[in-house]
Amino acid sequence: MQFSMLTPVNVLTGFLGSGKTTLLNRWVRQASMQNTLIVINEFGDIGLDHQLITQSDEQAVVEMSSGCLCCTLRGDLSRTLQQAIDSLLAAGKPAPSRVVIETTGLADPAPILQLLMTDHWLAHRFQLDSVVCCVDAANGEATLQAHRESQRQIAIADRLLITKTDLVDEVRLTPLANQLASINPAAEQWQVVNGNLSPKLLVGAGLFRRDSQRYQVDQWLKSARYSVIHAEDVNHERSRHGDNSAAFVQPTSQPTLTRHGENINAFCFCVEALITPDALENWLNLLMSLMGEKMLRIKAIVHLTDRDEPLALHGVQHIFHPPTPLPMQCVNDRISRFVFITQNVAPATVAQLYRFFTPFNSSTNEAMQ
């Protein structure tokens, strides 16, 4: 199915006490949220002020006075959404135009993103629009140090909402904002008080904008916000110093040190030469097999030797969405850009593994271009 026909999905995550409930209560009251399906874990846990109009215990679907619909996540996401949509259609109501999935405070949102990529029924009906993460301004730094789940929630987010900012002063807020930027340089940060935030700021981070019916490559990849490693520089150093010189491959900013000495690295790996399909497949397969759980999120625009149009790649840990062909007018050059957010995987490691599958002498690179 074409992107224009897929229903956008927004994932709302954040650690315990980060303000997800307050935000969601405000969010569902907006006119733009009508005909949106909210998927939550338990009604009692989320505490939504939904003012139920109708409820079906069998289907676990409720209708809110705002025009939103709500259901509990029972079992796997695919079955929950199928049952919810079947219930709506049976009642003569339209299918939802948007889905918002709220995760529990202790949950890693990665499995939800992976399911959207791999489940056949979901992948043909829904597309990820954004991952929104709430961060408590008062306790955010302590939470980051103490809980690995919080680090991963922030690392894969597209939007970071710093909540409860009225409870702290600028002296505490600035270090937290800087730490969030070091973990995830591309995520937009918004300060929120009592959940007051326009829904327009929470959506529209996906590769395809349904409202404009256009691909937004630069806004999706945001490669300019990351420290950059060039594959050609790696190959040049290899030819000069042999196979043992990799220490030079480091981003311009320092990785974020989290608890137990873990490092979160965010960087962009650029390849100017066209990449052979075999080299791309072998490199990514090796990365995923060796350190898939530590590859928190990967986005890429890739130019291959056997095709004119670029491909968009999106991976979460060891799972990749099928490549998306893009029109040539979506890009300005033929440079492949891979954005990595990793945990305990150094940029040098990614660069070293890439060069195992690609030629590094200048004549070969020129011949491929």
Exercise. With distance as the sole test, does Arg159 use its side chain to make a donor-acceptor pair with the main-chain N or O of Val203 at under 3.5 Å?
Worked result: yes

Seminar exercise, completed: To the nearest 0.5 Å, atom CE of Met117 lies from atom CG of Leu115 at 10.5 Å

Problem set entry | Donor-acceptor under 3.5 Å (Asn194 side chain, Asn196 main chain) | no

Exercise. Would a distance-only check, ignoring hydrogens and angles, find a side-chain to backbone donor-acceptor pair under 3.5 Å from Arg125 to Trp121?
Worked result: yes

Seminar exercise, completed: Residues Gln153 and Ala107: closest non-hydrogen pair is NE2-O, 2.9 Å

For this session: Show your working on side-chain contact (heavy atoms from CB on, under 4.5 Å) between Asn10 and Leu202 and close with a plain yes or no.
Result: CA-CA 8 Å; Asn10 302 94; Leu202 306 179; 5.8 Å; no

Exercise. So how far is it from Thr13 OG1 to Leu161 CG, rounded to the nearest 0.5 Å?
Worked result: 11.0 Å

Exercise. Shortest non-hydrogen contact from Ala205 to Trp220?
Worked result: O-CD1, 3.5 Å

For this session: Supply the atom-to-atom distance Leu290 CG to His318 NE2, rounded to the nearest 0.5 angstrom.
Result: 14.0 Å

Problem set entry | Residue pair Ile38, Glu102: steps toward the side-chain contact (heavy atoms from CB on, under 4.5 Å) verdict | CA-CA 8 Å; Ile38 312 293; Glu102 180 270 341; 5.6 Å; no

Problem set entry | Rounded distance (nearest 0.5 Å) linking atom CD of Gln145 with atom CD of Gln179 | 6.0 Å

For this session: Tell me, please, which residues at least two apart from Asp218 pass side chain to side chain contact (heavy atoms under 4.5 Å, CB included).
Result: Asn332

For this session: Would you name the heavy atoms of Pro347 and Ile229 that are closest together and state the gap between them?
Result: CB-CD1, 3.2 Å

Can you give each donor-acceptor pair under 3.5 Å made by side-chain atoms of residues 279-286, sequence neighbours left out, with the distance rounded to 0.1 Å?
from: Asn282; atom 1: ND2; to: Asp278; atom 2: O; distance (Å): 3.0
from: Trp283; atom 1: NE1; to: Val350; atom 2: O; distance (Å): 3.3
from: Asn285; atom 1: ND2; to: Glu281; atom 2: O; distance (Å): 3.2

Exercise. Distance-only, no hydrogens or angles: does the Thr163 side chain make a donor-acceptor pair with backbone N or O of Ser18 under 3.5 Å?
Worked result: yes

Exercise. Is there side-chain contact between Pro94 and Leu88, with heavy atoms separated by less than 4.5 Å?
Worked result: no

Exercise. Hey, what do you get for CG (Asp136) to OG (Ser150), rounding to the nearest 0.5 Å?
Worked result: 10.0 Å

For this session: Please examine the side chains of Ile156 and Ile341, heavy atoms only from C-beta on, and report whether any two atoms are closer than 4.5 Å.
Result: no

Problem set entry | Straight-line distance of Asn265 CG to Leu296 CG, nearest 0.5 Å | 10.0 Å

Problem set entry | With Asp306 via salt bridge (Lys or Arg N to Asp or Glu O under 4.0 Å) - residues at least two apart | none

Exercise. Where the side chain of Asn184 meets the backbone of Ala155, is there a donor-acceptor pair that is under 3.5 Å apart?
Worked result: yes

For this session: Check for a donor-acceptor pair, side chain of Gln151 on one end and backbone N or O of Leu144 on the other, with a separation under 3.5 Å.
Result: yes

Exercise. Taking C-beta and beyond as the side chain, do Met291 and Thr342 meet within less than 4.5 Å on heavy atoms?
Worked result: no

For this session: Hydrophobic side-chain clustering at under 4.5 Å (ILVMFWY, transitive links): who's grouped with Val171? Put none if nobody.
Result: none

For this session: Walk me through it: do Leu81 and Phe126 pass the test side-chain contact (heavy atoms from CB on, under 4.5 Å)?
Result: CA-CA 10 Å; Leu81 286 178; Phe126 302 94; 4.0 Å; yes

Seminar exercise, completed: Closest heavy-atom pair, Pro96 versus Ile85, reported as atoms and distance to 0.1 Å, is CD-CG1, 4.0 Å

Problem set entry | By salt bridge (Lys or Arg N to Asp or Glu O under 4.0 Å) - contacts of Asp119 (at least two apart) | none

Exercise. With side chains defined as the heavy atoms from C-beta onward, is the minimum distance between Val302 and Phe338 less than 4.5 Å?
Worked result: yes

Exercise. So, the side chain of Glu149 versus the backbone of Pro109: is there a donor-acceptor pair under 3.5 Å, distance only?
Worked result: no

Problem set entry | Test ring pair (Phe, Tyr, Trp, His ring centres under 6.0 Å) applied to Trp190 - qualifying residues, sequence neighbours left out | none

Exercise. Any chain of hydrophobic side-chain contacts (each under 4.5 Å) joining Leu326 to Leu128?
Worked result: yes

For this session: Grab the two heavy atoms, one from Thr165 and one from Gln191, that are nearest each other, plus how far apart they are.
Result: CG2-CB, 3.9 Å

Exercise. Do Lys200 and Gln30 have side-chain heavy atoms sitting under 4.5 Å apart?
Worked result: no

Problem set entry | Residues in side chain to side chain contact (heavy atoms under 4.5 Å, CB included) contact with Pro175, at least two apart in sequence or another chain | Glu141

Exercise. Taking a hydrophobic cluster as the set of Ile, Leu, Val, Met, Phe, Trp and Tyr residues connected by side-chain heavy atoms closer than 4.5 Å, whether directly or through intermediates, do Leu353 and Met288 fall within one such cluster?
Worked result: yes

Exercise. So, Gln189 side chain and Ala177 main chain: donor-acceptor pair closer than 3.5 Å or not?
Worked result: yes

For this session: Kindly write out the residues that satisfy salt bridge (Lys or Arg N to Asp or Glu O under 4.0 Å) with Arg98, not counting sequence neighbours, or none if the list is empty.
Result: Asp129

Problem set entry | Residue pair Glu293, Gln343: steps toward the side-chain contact (heavy atoms from CB on, under 4.5 Å) verdict | CA-CA 9 Å; Glu293 293 299 316; Gln343 192 158 32; over 6 Å; no

Problem set entry | Pairing residues for His303 by the side chain to side chain contact (heavy atoms under 4.5 Å, CB included) criterion, not counting sequence neighbours | Leu274, Ile301, Pro310, Val331, Arg334, Ser336

For this session: Could you tell me which residues satisfy side chain to side chain contact (heavy atoms under 4.5 Å, CB included) with Pro325, sequence neighbours excluded, listed by chain and number?
Result: Arg307, Glu309, Leu311

For this session: State which residue, out of Thr80, Leu113, Val39, fulfils the side chain to side chain contact (heavy atoms under 4.5 Å, CB included) condition with Ile101.
Result: Val39

Exercise. Among all residues two or more places apart in sequence or in another chain, which pass the salt bridge (Lys or Arg N to Asp or Glu O under 4.0 Å) test with Asp158?
Worked result: Arg297, Lys299

For this session: Would you name the heavy atoms of Val135 and Gly140 that are closest together and state the gap between them?
Result: CG1-CA, 4.2 Å

Problem set entry | Short side-chain donor-acceptor distance under 3.5 Å, Ser87 and Gln83 | no

For this session: Decide whether Ile335 and Tyr215 are clustered together by the hydrophobic rule: side chain heavy atoms of Ile, Leu, Val, Met, Phe, Trp, Tyr closer than 4.5 Å, transitively.
Result: no

Exercise. Is it true that Val345 and Phe320 fall in one hydrophobic cluster, defined by side-chain heavy atoms closer than 4.5 Å?
Worked result: yes

Exercise. With ILVMFWY side chains joined below 4.5 Å, transitively, what does Leu106's cluster contain besides itself?
Worked result: Phe15, Leu16

For this session: Determine yes or no for a side-chain-to-main-chain donor-acceptor pair under 3.5 angstrom, with Asp76 supplying the side chain and Arg79 the backbone.
Result: yes

Problem set entry | Test ring-ring contact (aromatic ring centres under 6.0 Å, His included) applied to Phe269 and Tyr226, Phe340, Tyr354, the passing residue | Tyr354

Exercise. Checking Lys20 side chain against Gly14 main chain: does a donor-acceptor pair fall under 3.5 Å?
Worked result: yes

Exercise. Mind checking whether Val193 and Leu180 sit in one hydrophobic cluster, side chains of I, L, V, M, F, W, Y counted as touching below 4.5 Å?
Worked result: no

